[in-house]
K.L.:
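Just dropping this structure here.
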2 protein chains.
Amino acid sequence: MPLLLLKDLPRYECLLEVAQQFPGLDPSACEVFLHLLRTGDEAFRVTEEHFHAKGLSQGRFTVLMLLYDKTCGETHAFTPAQLAEMSGVTRATMTGLIDTLERDGMVTRRPHPEDRRQLSVELTKKGIARLDDLLPEHFRRIASVMSVLSETERKTMVRLLSKIAASASETFPASVAGGGA
Amino acid sequence: MPLLLLKDLPRYECLLEVAQQFPGLDPSACEVFLHLLRTGDEAFRVTEEHFHAKGLSQGRFTVLMLLYDKTCGETHAFTPAQLAEMSGVTRATMTGLIDTLERDGMVTRRPHPEDRRQLSVELTKKGIARLDDLLPEHFRRIASVMSVLSETERKTMVRLLSKIAASASETFPASVAGGGA
DNA sequence: CCAATTAAGTTAGGAGGCTAACTATCAGCC
DNA sequence: GGCTGATAGTTAGCCTCCTAACTTAATTGG
């Protein structure tokens, strides 16, 4: 659980109170912001706890999913740099993720036939089996958490979340890794 | 930036495709879920980058804010255990946060007069000054990111986010640290 | 009144992020 | 054909979070 958040969000009345001391404070904006962080953290926790129980983490899961292509019955092969780019982490971080995954037998590093600088990362049978074991419950959890929203509410959420994400990445572009959306 | 996420979210059509392989996969639920994680991460990044520029982190900022009470003109005093409980981190993590904050002169540890097991953590003048320096821009960033939403949209967001958070913490209660609504 | 339990805080060790620096390889260009 | 620069991957060091074990102090109960 990566985010550290106030367990009990500031009450709205409290925000209004503080707003008197800080002219720049927009109470309803802060309220949305805090709820967004808190709910994002809760959602993250729901899947992360499941990953952890299966010996994975969000990062390792993302790597496995990138290599996984159920529809083709095949597995993709990517270089560490490609995986890092698609995952949104640095190449150094990807080295660590692949180290752990390879140690646990989920993926293999194979040399690239033409460019000896590059490696090809591929899922092993064990990695595929781990995903097949994990995914049903993973999707069940997501469906369960979101079951409280109607289809209309889901559309609304996606629309508003997209507006916020676009606003954030345009107004405050990520310093290094791409924040394009 | 704690969360690792796909840089480019899976397209909705792609989700529909995969859904054929996984009967339990609810495409619109996954779509909301992915957008929620992604937008939460973007929002987190916007303030975290600012904290970092001011020599703080989300965790240390939360501690300072818990000790800060602008309206009273006073600072609160809490024990590390209270701060950990309010922040939603373990006592061990709080020890580390207070270590760093004390090293940087933002807070002080003082012995509790009656119970020698306990400590009292208080803001220093320097800590207050750091917050006074940081908060205007902090609130400006939040207001700026949320400026793309109308007041009606903000109310909608808070309502829907609350539903999701409640659903998550009820259906999948946090394993150790409290997940109370 | 002293042993056992509980509680507060710290320490030790692990995982996963990051940046910066390093090594090996490839590509370009006189 | 051998510099020069760019690219792929790794390594080293730092930070923040975690769990588990430990130390010290307070409480409880025979």
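Given the structure is predicted, the values throughout are model-derived calculations rather than measurements. Below, all heavy atoms of this structure are taken into account, side chains as well, without hydrogens, waters or symmetry copies. A note on names: the letters A, B, ... follow the listed sequences, proteins ahead of strands, and every chain is numbered from 1.
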K.L.:
Just how far, in rounded Å, is C1' of C/dT11 from CE of B/M94?
P.N.:
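These atoms are roughly 17 Å apart.
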
K.L.:
Under 4.0 Å between a side-chain N/O of B/T95 and OP1 or OP2 of C/dT10, yes or no?
P.N.:
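True: B/T95 side-chain N/O within range (under 4.0 Å) of C/dT10 OP1/OP2.
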
K.L.:
Taking side-chain hydrogen bond (donor to acceptor under 3.5 Å, both in side chains) as the definition, give me every residue that meets it alongside B/K54, ordered by chain and number, with sequence neighbours left out.
P.N.:
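Only B/D133 meet the side-chain hydrogen bond (donor to acceptor under 3.5 Å, both in side chains) criterion with B/K54.
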
K.L.:
Counting side-chain heavy atoms from C-beta on, which of C/dG9, C/dT10, C/dA15 comes nearest to B/A81?
P.N.:
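Output: C/dG9.
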
K.L.:
Check for a donor-acceptor pair, side chain of B/T171 on one end and backbone N or O of B/A168 on the other, with a separation under 3.5 Å.
P.N.:
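Answer holds: no.
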
K.L.:
Quickly work out the B/E48 CD to C/dT19 P distance and round it to whole Å.
P.N.:
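Those two atoms, CD and P, are 13 Å apart.
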
K.L.:
Between the side chains of B/T90 and B/T93, is a donor N or O closer than 3.5 angstrom to an acceptor N or O?
P.N.:
yes

K.L.:
Calculate the interatomic distance between B/R45 atom CZ and C/dG17 atom P; express it in whole Å.
P.N.:
17 Å

K.L.:
Provide, to the nearest angstrom, the distance between the CG atom belonging to A/D99 and the C1' atom belonging to D/dA12.
P.N.:
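Rounded to whole Å, this separation is 14 Å.
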
K.L.:
From the options D/dG9, D/dA12, C/dA15, select the nucleotide whose nearest atom is closest to the side chain of A/A92.
P.N.:
D/dA12

K.L.:
All N/O contacts under 3.5 Å from nucleotides 3-5 of chain D to the protein, with atom names and distances to one decimal?
P.N.:
none

K.L.:
Roughly how many Å is it from CG in B/L119 to C1' in D/dA26, rounded to a whole number?
P.N.:
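It works out to 15 Å between those atoms.
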
K.L.:
For a quick test of reading the model: is some side-chain N or O of A/T90 closer than 4.0 Å to OP1 or OP2 of C/dC18?
P.N.:
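Indeed, a polar side-chain atom of A/T90 lies that close.
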
K.L.:
Which residues within residues 105-116 of chain B lie with some heavy atom under 4.0 Å of an atom in DNA chain D?
P.N.:
B/E114, B/D115, B/R116

K.L.:
Can you sort out the partners of B/R91 under side chain to side chain contact (heavy atoms under 4.5 Å, CB included), two or more places apart, ordered by chain and number?
P.N.:
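With sequence neighbours excluded, B/R91 shows a side chain to side chain contact (heavy atoms under 4.5 Å, CB included) to B/A81, B/A84, given in chain and number order.
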
K.L.:
Could I get the full list of ring pair (Phe, Tyr, Trp, His ring centres under 6.0 Å) partners for B/F51, not counting sequence neighbours?
P.N.:
B/F61, B/H138

K.L.:
Only counting residues at least two apart or in another chain, list the ones meeting side chain to side chain contact (heavy atoms under 4.5 Å, CB included) with A/E102.
P.N.:
A/V107, A/R109

K.L.:
Quick one: side-chain hydrogen bond (donor to acceptor under 3.5 Å, both in side chains) partners of B/E137, sequence neighbours excluded?
P.N.:
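In terms of side-chain hydrogen bond (donor to acceptor under 3.5 Å, both in side chains), with neighbours along the sequence ignored, B/E137 is linked to B/R140, B/R141.
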
K.L.:
By nearest heavy atom, map A/R91 and A/L56 onto DNA chain C; which one lands nearer the 5' end?
P.N.:
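Residue closer to the 5' terminus by nearest nucleotide: A/L56.
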
K.L.:
I'd like to check the side-chain hydrogen bond (donor to acceptor under 3.5 Å, both in side chains) partners of B/T108; sequence neighbours left out, ordered by chain and number.
P.N.:
none

K.L.:
A/D41 CG to D/dC18 P: how many Å, rounded?
P.N.:
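Roughly 10 Å, once rounded to whole Å.
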
K.L.:
Can you sort out the partners of A/Q118 under side chain to side chain contact (heavy atoms under 4.5 Å, CB included), two or more places apart, ordered by chain and number?
P.N.:
A/T79, A/H112, A/D115

K.L.:
Rounded to whole angstroms, how far apart are CD on B/Q58 and P on D/dC15?
P.N.:
18 Å

K.L.:
Report the distance from atom CG of B/L101 to atom P of D/dC15, rounded to the nearest whole Å.
P.N.:
13 Å

